[in-house]
Amino acid sequence: MINLSINGIAVSVEEGKTILEAAEKLHIHIPTLCYHKDLCVAGNCRVCVVEQAGVDRLVASCATPVNEGMEINTNSLKVRNCRKHIIELLLAEHNEECTKCYRNGHCELQTIAADLQITNQDFIDLVPDQFYSIDSLSPSIEKDDSKCIRCQRCVRTCADIQSVGAIAVAHKGAEMKISTFYNHPLNEVVCTNCGQCIVHCPTGALVEKSYVEQVWDAISDPEKHVVVQTAPAVRIGLGEELGFEAGTSVTNKMVSALRRLGFDSVLDTDFTADLTIMEEGTELLTRLKGALVDDNPDVALPMATSCSPGWVKYIEHKYPKYLPNLSTCKSPQQMFGALAKTYYAKNIDVDPANIVSVSIMPCTAKKYEANRPEMKDSGYKDVDLVLTTRELAVMIKQAGIEFDQLNEENYDSIMGIGSGAGLIFGATGGVMEAALRTAYEIVTGREVPFENLEIKPVRGLDGVKEANILIENVLPEWSFLEGVELKCAITNGLENAHQLMESIDNGDRFYHFIEIMACPGGCLGGGGQPFPVDDEIRRKRMEAIYAEDLSLPVRKSHENPEITQIYQEFLEEPLSHKSHKLLHTSYVK
Ligand code: HC1
């Protein structure tokens with residue numbers, strides 16, 4: 001351990017820790033901007049500077065490791081003046097229309113400026129207005145350079161967490177800016193729309209493209225029947241925007257709020273997550289039969305999940321030769337959209353032309369996915385408008401709903417019942433676990449052999465997880481699977497996906513089935529979830545998802561009564577002609 005003192009208080013921390021981390025242990029707050037727990041240290045904003053006894057210059061606490069006997073002052077006059085000037089300089093080149101900014105109240109620059117009581121402006125017009133540009137052509141993300149403080153958190157996120165590199169630093173000195181390849185708009189570069197840049201941006205320089213006004217317009221149009229679906233991870237994120245602790249599930253209050261907002265029907269993406277398991281599980285078994293029995297060389301293994309649109313865009317750009325490995329299943333969001341304007345419309349006797357299908361997602365890439373040209377199998381745009389968890393919170397606040405006072409209400413029917421298996425889609429490993437709960441039981445007639453149906457090897461925040469499931473004592477029609485050890489891998493975050501794909505590509509690893517989610521932690525850590533986020537928050541959200549799964553009466557997709565009903569009334573069976581038309585898709589290079 002290393003012993004030092006901060007503001008005269010003794011503290012011991014492990015070797016390798018930084019001054020910032022040591023201060024945190026003493027509950028001494030040092031403001032930061034370029035620093036983020038998810039990211040490598042950059043030390044470029046200098047807001048976290050502190051005074052070190054015996055050292056002339058101030059040192060960046062985020063980038064300076066502790067030393068034995070160090071004496072640190074985080075609050076000297078020199079430190080306070082320096083910080084104040086840094087913030088004043090940032091504000092001098094910052095668009096200060098805070099009340100009109102989406103991040104108003106959630107902006108880290110605004111918070112620090114308020115904490116330091118910066119009330120006047122000594123530096124003016126450091127950068128001319130025409131230097132700034134707003135890129136709003138992407139269906140998912142808006143980039144507003146007038147609010148960028150050039151901390152490069154977005155750049156490190158895109159390169160290091162996501163292995164994408166759609167944004168980078170361009171130019172030098174006062175002209176330095178965060179840009180794309182040849183400054184093309186985000187929708188024309190390799191951006192996957194994942195929105196991780198948004199959740200790591202400290203200001204309003206990167207935000208989701210908002211569709212809140214269009215949703216209000218639809219709700220107030222008497223001709224329209226507005227149906228809303230809510231993704232698994234929204235219910236464990238929304239509360240954070242509305243005054244609840246991270247890890248609080250607000251499912252039934254959320255349903256109640258959506259009804260008060262005026263949606264005609266409040267339904268659950270968990271239902272189509274269950275449907276995905278039926279379709280994707282059957283697809284996997286069909287592929288395994290093709291490979292193991294028919295020896296068909298055209299069967300692509302491992303089969304990869306396809307419900308994360310950021311991952312789909314990534315594989316389309318980066319590993320196009322593996323596109324046959326993607327499950328042909330649409331994501332639950334898009335399955336829901338296709339069914340909303342067919343099965344659901346018919347069931348409630350409403351002209352599908354008058355249905356507006358809205359989804360609430362923890363993900364910005366879902367906005368992009370809904371706008372993919374092929375997503376019109378219902379004969380209409382399957383999902384009309386996608387809001388993030390944060391945008392739903394905005395609507396709830398706009399409507400003056402006192403969220404914590406709401407009654408708990410249940411989803412409408414049909415397409416409103418989801419199983420615990422559908423719910424756990426929201427956590428990394430959840431799709432795999434849900435699939436195994438069903439596939440194992442279909443093949444063997446027995447429950448998957450894990451206590452409480454909790455398949456622990458696929459859970460948690462590790463970058464790459466593996467699970468090998470031995471299939472024994474199968475039912476006669478599945479004899480080709482007797483004794484097969486099903487090899488599975490799960491990963492979250494696109495850099496981890498990149499590592500996994502490389503290990504498959506160079507022959508180091510073989511799997512039958514892989515689950516890949518674009519965002520750290522899976523959808524619960526999506527680009528549309530509340531600020532801030534780090535592993536501790538992701539862990540709490542994950543625990544909330546698994547706790548809710550345990551509490552549900554149905555925890556396997558194939559036991560969802562509405563799933564039985566839709567196959568009886570409409571789809572007939574998994575991979576039927578109708579299923580193929582509405583629920584499956586193909587991909588582009
Ligand atoms: Fe997800 Fe999915 S789990 S992709 O993470 O398969 O966004 O929550 O809705 O579609 O169900 C997101 C979450 C979500 C889909 C489902």
Side-chain angles (χ1 to χ4, degrees), residues 140 192-196 199 208 228-238 249 251 254 267-280 304-313 326-327 329-340 357-370 372 375 382-383 386-392 411 415-435 490-494 515-530 538 541-542 544-545 548-549 557 560 563 583 585:
S140 308
T192 63
N193 299 270
C194 72
Q196 284 303 311
V199 284
E208 66 263 58
V228 65
Q229 56 167 314
T230 64
V234 172
R235 67 206 70 194
I236 48 86
L238 179 65
S249 176
T251 310
M254 174 183 71
L267 301 174
D268 200 350
T269 318
D270 293 13
F271 164 76
T272 33
D274 284 331
L275 194 59
T276 300
I277 291 303
M278 302 306 293
E279 295 290 324
E280 198 165 294
T305 56
S306 55
C307 46
S308 165
W311 152 239
V312 169
K313 188 130 194 283
L326 276 182
S327 162
C329 287
K330 287 180 186 169
S331 75
Q333 166 177 273
Q334 293 306 132
M335 286 193 185
F336 189 101
L339 292 170
S357 164
V358 176
S359 63
I360 316 289
M361 292 282 140
C363 169
T364 49
K366 289 286 173 193
K367 293 172 188 270
Y368 152 78
E369 182 183 51
R372 286 181 68 120
M375 295 297 174
D382 293 335
V383 174
V386 180
L387 302 182
T388 61
T389 309
R390 295 188 295 263
E391 287 172 279
L392 173 59
Y411 285 97
M415 295 172 45
I417 297 179
S419 75
L423 172 65
I424 61 176
F425 265 52
T428 166
V431 182
M432 180 66 70
E433 181 165 346
I490 303 99
T491 186
N492 61 106
L494 291 173
E515 178 206 298
I516 300 188
M517 287 292 180
C519 292
C523 289
L524 58 84
Q529 290 284 67
R538 285 187 274 264
R541 292 176 186 166
M542 185 174 278
I545 283 196
E548 188 155 329
D549 163 42
S557 300
N560 179 339
I563 292 293
L583 309 181
T585 188

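All heavy atoms count here, side chains included; hydrogens, waters and symmetry mates do not. One-based numbering, in listed order, for ligands and for the atoms of each.
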Salt bridge (Lys or Arg N to Asp or Glu O under 4.0 Å) for Glu208 and Arg390? Distances and angles first, verdict last. CA-CA 9 Å; Glu208 66 263 58; Arg390 295 188 295 263; 3.0 Å; yes
Taking Gln333 as the fixed residue, which of Lys366, Glu369, Gln229 is the one that meets the side-chain hydrogen bond (donor to acceptor under 3.5 Å, both in side chains) rule? Glu369
Taking the side chain as everything from C-beta on, heavy atoms only, tell me whether Thr428 gets closer than 4.5 Å to Glu515. yes
For Arg538, what residues pass the salt bridge (charged side-chain N to carboxylate O under 4.0 Å, His left out) criterion, not counting sequence neighbours? Asp38, Asp535
Would you kindly say whether Thr251 and Glu548 are connected by a side-chain donor-acceptor distance under 3.5 Å? yes
Residue pair Gln529 / Thr389, side-chain donor-acceptor N/O under 3.5 Å: yes
Could you enumerate the protein N, O or S atoms under 2.8 Å from atom 1 (Fe) of ligand 1, written like residue then atom name? Cys523 SG
